[in-house]
Amino acid sequence: MAEEIEKRYDPSAIEPKWQQKWAADPALYAAEPIDCGKPKYYVLEMLPYPSGQLHMGHVRNYSIGDALARHMWMRGYNVLHPMGWDAFGLPAENAALKNNTPPREWTLSNIAAMKRQMERLGLGYDWATEVTTCLPDYYRWNQWFFLRMYEKDLVYRKKSKVNWCPECATVLANEQVVDGCCWRHETTLVEQRDLVQWFFRITAYAQELLEGLDKLEGWPEKVRTMQRNWIGRSEGTEVDFKVRGSGETIRVFTTRVDTIFGATSVQLAPQHALVDAFTAADPALKVLVDELIEQQKKAREAGDLGAIEKHGVATGRVAINPYNGQPVPIWVANYILADYGTGAIMSVPGHDERDFEFANKYGLEVRRVIAPLPESEEAALPFTSEEGVLVNSGEFTGLSCSDAQILMQVVAERGRFGEPKVTFRLKDWGVSRQRYWGTPIPMIHCETDGLVPVPDEQLPVVLPAQIEITQQGGSPLGRVADFVNVTCPKCGGPARRETDTMDTFVDSSWYFYRYTDAKNSSAPFDPATAQYWFPIDQYIGGVEHAILHLIYSRFWTKVMRDLGLIKNDEPARRLFTQGMVIKDGAKMSKSKGNVVSPDDMIAKYGADATRMYALFAAPPDRDLDWQEDGVAGVSRFLARVWRLATKYAPVARAARDQAAEAPTGIALKLLRKLHQTIAKITLDFEGRWHFNTCVAAIMELVNEIQAADAQLAAGEVPAPAIRELLRTLVLLLAPLAPYLAAELWEELGEEGAVLRATWPVSDPELAKEDELEVPVQINGKLVSVVRVPAGSDAKTIEAAALAEEKVQSRTTGKTVAKVIVVPGKLVNLVVK
RNA sequence: GCGAAAGUGGCGGAAUUGGCAGACGCACCAGACUUAGGAUCUGGCGGAGCAAUCCAUGGGGGUUCGAGUCCCCCCUUUCGCACCA
């Protein structure tokens with residue numbers, strides 16, 4: 001009875017025991033010095049926002065990263081596997097309002113809670129490198145970088161229309177506006193306001209950010225495509241149209257200057273500067289234009305700008321096409337965007353779908369200036385292909401579209417009415433936030449000296465601790481007199497501190513560099529150390545960060561490189577985006593009531609079973625359907641491993657000094673399976689990352705060993721073979737179920753930490769089968785299976801197949817027209 | 001509308017290079033053990049059929065000795081982009 005209880009697999013006893021041991025031995029998961037002589041491997045999972053609770057998505061993300069890190073440790077690498085906290089942000093302020101808890105306190109206690117959860121999960125992080133972005137020793141370097149970027153003219157201020165979320169009471173970046181609503185408040189419409197904002201000049205790197213994507217072969221194509229779309233490079237031409245009877249010109253951007261002889265109007269965005277001039281003199285026009293603005297705003301808010309019904313207003317003014325001197329009417333239209341290109345276009349209804357639709361609606365002329373190539377039959381307008389020849393285009397008639405574009409650009413430049421132009425959709429990164437819980441922007445406003453950067457030696461500009469958080473607009477810091485009132489570093493006179501704080505995406509843009517040298521108090525990090533660890537070998541996280549975080553991180557890396565801090569151009573060599581965790585076909589959410597708590601799973605099944613299920617239930621790049629019965633199944637499997645290992649542990653221990661003999665019989669069979677399993681799992685870790693099949697392979701191995709239980713018990717398998725089986729099984733399990741592996745490693749009498757043991761190597765000779773089952777098909781249909789010795793040649797296999805009974809009965813009286821033998825694979829007889 | 005990914009038993013999924021479809025797990029069924037239990041072990045488990053066999057990887061065509069895998073057309077789902085001139 002007592003013995004029975006002792007033998008039961010009890011993760012709630014094993015796991016806390018090892019958790020304590022690991023906590024007492026920080027060197028276990030610590031990165032080694034950069035001169036340790038081992039090859040380095042930097043595995044990184046995206047740092048979480050400290051909400052206070054891990055969710056299953058985290059568990060999945062970190063289980064993948066931890067398995068990889070452990071595998072690499074066992075492969076002899078110097079592994080950096082850090083963790084940190086994306087600790088600034090609005091929820092802390094909301095919590096302060098709700099519970100009257102200071103944001104700092106709230107955040108730090110959440111961090112403590114989540115760290116406990118991570119430790120309970122047995123995740124092997126190097127906590128000595130922990131980064132918490134809301135602490136001054138981290139965010140002072142945000143400020144430092146801000147100043148360096150200010151010096152390089154990569155930071156500037158401008159008044160701009162900003163996305164304002166009434167719920168957050170702050171400005172949002174374009175990237176944070178989803179379908180016209182706030183990314184955090186999916187039902188709150190974003191408003192447009194005019195504010196002076198700080199910007200990072202990310203567009204200075206637009207071209208390099210785009211080109212770099214081609215070299216990021218270790219990144220998912222999907223992410224690269226999304227970034228390409230976001231950057232939105234477009235090559236074209238800018239052309240000036242003179243406004244008749246005034247000195248004004250309208251500059252338009254077009255990718256199809258070759259169609260300009262077909263331009264039958266010029267269209268301005270309702271916010272275009274010239275429109276203001278027109279409406280100033282014409283109140284009736286202003287009413288109509290305001291309507292267009294209103295329509296555009298509504299469509300933008302509704303998130304379907306693309307579906308807006310086209311409306312336009314004729315201004316009564318006329319512009320002159322510089323290529324042929326022809327007058328065209330000037331319109332204002334609601335489908336022209338003020339913030340793209342020049343905010344004005346030439347409308348060519350004959351060769352553009354949108355212009356065609358607009359022209360039809362308002363009865364504007366549709367003119368053909370491109371004819372399809374002879375072999376193309378389709379000639380109907382609008383004809384938008386670039387495979388064509390110019391017609392009705394004056395001196396350019398007869399040229400191909402591509403030749404015409406080049407020549408017309410030359411003509412424009414010579415005539416000083418236009419030039420080639422590359423336009424990007426990417427906008428500069430607005431980083432100002434009118435919030436408290438973020439990095440203070442290190443600038444001072446002085447009446448005498450204007451904008452004055454905070455001198456480096458005054459960093460960090462520390463967030464005041466005592467502050468009243470309210471929901472009123474404007475920055476909370478503005479109400480803290482001690483913070484705001486400073487002396488100007490230049491003239492010593494009274495001045496005001498900047499009260500905006502930085503977007504939290506600043507924090508996450510470079511945190512992974514800080515991990516390499518987290519305690520450095522004189523620099524953001526030591527360049528030599530960063531050069532050793534970078535680029536990150538494997539970055540793992542959710543695809544929801546494909547644009548925001550990952551494009552800012554790439555930008556920041558290039559800026560740091562140009563500051564001479566690092567040598568790498570890109571932060572991460574390989575990126576892996578794991579799938580979502582869903583339940584009952586839907587993303588886990590409180591509103592759907594389908595949230596599964598990691599704590600509950602751990603309490604019920606243990607951390608090993610929870611983690612292993614997260615790896616087993618689906619390949620890591622796909623969505624994972626959480627089924628608790630599946631966790632129970634993995635738990636049962638681990639219990640089976642436990643019983644098997646503990647049952648034969650005494651035999652294995654006793655065999656430690658025994659020499660192994662060449663295995664035969666059942667021992668050979670089991671060792672063969674073992675070495676096949678080693679090969680499969682090693683391959684999966686190296687390339688495919690299908691941890692679900694890794695787990696399945698280990699299950700198969702255990703099933704086979706267990707099926708031989710009677711022989712094992714009867715002593716038919718030599719003790720050294722039993723030892724090799726169990727010991728290797730534990731090694732294979734170590735990255736996936738670290739607690740159980742540690743416990744069984746000790747149980748088997750093995751020395752040291754299993755994490756420091758060497759990853760097993762498959763012996764190809766031992767893994768090889770000596771007899772093969774070869775399927776035999778007749779006309780492609782399976783008929784039978786023959787057994788032949790491994791390595792048999794085609795002739796032998798063919799003879800064996802033809803001699804097979806079922807094959808005989810089906811071929812007698814018929815002709816075997818052809819025999820296909822794929823050695824080791826199959827035999828197919830073509831029978832007539 | 002454009003682009004990408006996916007579609008395989010009751011469920012999650014496997015099949016890595018064109019070569020035995022359904023590994024492994026869950027659920028379910030039967031049995032064993034039993035101080036009766038949501039423990040463990042054994043066996044079964046795509047569909048039809050007593051069977052031999054036949055059918056089967058979203059649907060339809062094709063290439064091939066052979067197709068879940070390659071090609072063409074279509075359907076569905078998910079994701080991304082969408083007046084970007």
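Worth saying up front: this structure is predicted, and the values here are computed from it rather than measured. Within every chain, numbering begins at 1; the chains are lettered A, B, ... in the order of the sequence lines, protein sequences first and strands thereafter.
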Colleague: Below 3.5 Å, does any donor atom in the side chain of Lys825(A) face an acceptor in the base of U17(B), or the other way round?
Modeller: no

Colleague: Has Gln296(A) got a side-chain N or O lying under 4.0 Å from the OP1 or OP2 atom of C83(B)?
Modeller: no

Colleague: Look at Lys795(A) together with Glu798(A) and state whether they make a salt bridge at an N to O cut-off of under 4.0 Å.
Modeller: no

Colleague: Would you mind classifying the nucleic acid contact of Glu309(A) as base, sugar-phosphate or nothing, using non-hydrogen atoms under 4.0 angstrom?
Modeller: base

Colleague: If you compare every side-chain N and O of Arg425(A) against the phosphate oxygens of C83(B) (OP1, OP2), does one of them come in below 4.0 Å?
Modeller: no

Colleague: Among all residues two or more places apart in sequence or in another chain, which pass the side chain to side chain contact (heavy atoms under 4.5 Å, CB included) test with Val223(A)?
Modeller: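 Per chain and number, Val223(A) pairs via side chain to side chain contact (heavy atoms under 4.5 Å, CB included) with Trp219(A), Pro220(A), Gln227(A), Val543(A), Ala546(A), Leu550(A), Leu575(A), Thr577(A).
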
Colleague: CD of Glu235(A) versus C1' of A85(B): gap in Å, rounded?
Modeller: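 After rounding, the gap between these two atoms is 15 Å.
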
Colleague: Suppose we screen for side chain to side chain contact (heavy atoms under 4.5 Å, CB included). Which residues come up paired with Gln271(A), at least two apart in sequence or across chains?
Modeller: Ala269(A), Ile293(A), Gln296(A), Ala338(A)

Colleague: Does Asn692(A) use its side chain to pair, donor to acceptor, with the backbone of Ala617(A) at less than 3.5 Å?
Modeller: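 Side chain of Asn692(A) to backbone of Ala617(A), a donor-acceptor pair under 3.5 Å: no, none is there.
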
Colleague: Which of these nucleotides, G19(B), A85(B), U16(B), is closest to any side-chain atom of Leu683(A)?
Modeller: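 Output: U16(B).
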
Colleague: At under 4.0 Å between heavy atoms, which parts of nucleotides 22-31 of chain B does protein reach? Answer with one letter per nucleotide, 5' to 3': B base, S sugar-phosphate only, - none.
Modeller: -BBSSS----

Colleague: Just jot down the side chain to side chain contact (heavy atoms under 4.5 Å, CB included) partners of Glu217(A), sequence neighbours excluded, or say none.
Modeller: none

Colleague: Ile820(A) side chain: which of C65(B), A14(B), U40(B) is closest?
Modeller: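 So the nucleotide nearest the side chain must be C65(B).
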
Colleague: Is Arg228(A) paired with Asp214(A) through a side-chain N to carboxylate O contact shorter than 4.0 Å?
Modeller: yes

Colleague: Starting the side chain at C-beta, find the nucleotide from C20(B), G13(B), A85(B) nearest to Arg622(A).
Modeller: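 Selected nucleotide: G13(B).
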
Colleague: Mind calculating the distance between CG (Leu782(A)) and C1' (A67(B)) to the nearest angstrom?
Modeller: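 Those two atoms, CG and C1', are 16 Å apart.
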
Colleague: Which of these nucleotides, G13(B), C20(B), U16(B), is closest to any side-chain atom of Arg688(A)?
Modeller: U16(B)

Colleague: Taking only N and O in the side chain of Ser234(A), is any of them less than 4.0 Å away from OP1 or OP2 of A85(B)?
Modeller: yes

Colleague: Can a side chain N or O of Lys781(A) be found less than 4.0 Å away from OP1 or OP2 on A21(B)?
Modeller: no

Colleague: Which residues satisfy the side chain to side chain donor-acceptor pair (under 3.5 Å) test with Asp684(A), sequence neighbours excluded?
Modeller: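 Asp684(A) satisfies side chain to side chain donor-acceptor pair (under 3.5 Å) with Lys680(A), Arg688(A), Thr693(A) only.
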
Colleague: Could you tell me how far apart Asn828(A) (CG) and U64(B) (P) are, to the nearest whole angstrom?
Modeller: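 These atoms are roughly 15 Å apart.
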
Colleague: Which part of the nucleic acid, if any, lies within reach of Lys680(A) when heavy atoms closer than 4.0 Å are counted: base, sugar-phosphate only, or nothing?
Modeller: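 Base contact.
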
Colleague: Show your reasoning for whether side-chain contact (heavy atoms from CB on, under 4.5 Å) applies to Val631(A) and Lys604(A).
Modeller: CA-CA 10 Å; Val631(A) 189; Lys604(A) 217 161 161 186; over 6 Å; no

Colleague: Is Arg224(A) close enough to A4(B) that one of its side-chain N or O atoms is under 4.0 Å from OP1 or OP2 there?
Modeller: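 So the side chain of Arg224(A) is outside the cut-off, no N or O lying under 4.0 Å from OP1 or OP2 of A4(B).
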
Colleague: Check for me whether the distance between the ring centres of Phe685(A) and Phe691(A) falls short of 6.0 Å.
Modeller: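 Centroid separation for Phe685(A) and Phe691(A): below 6.0 Å.
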
Colleague: Using Watson-Crick or G-U wobble pairs with both distances under 3.5 Å, give me RNA chain B in dot-bracket, 5' to 3', with [ ] for crossers and | for pairs to another strand.
Modeller: (((((((..(((......[....))).(((((.......))))).(((....)))..(((((..]....))))))))))))....

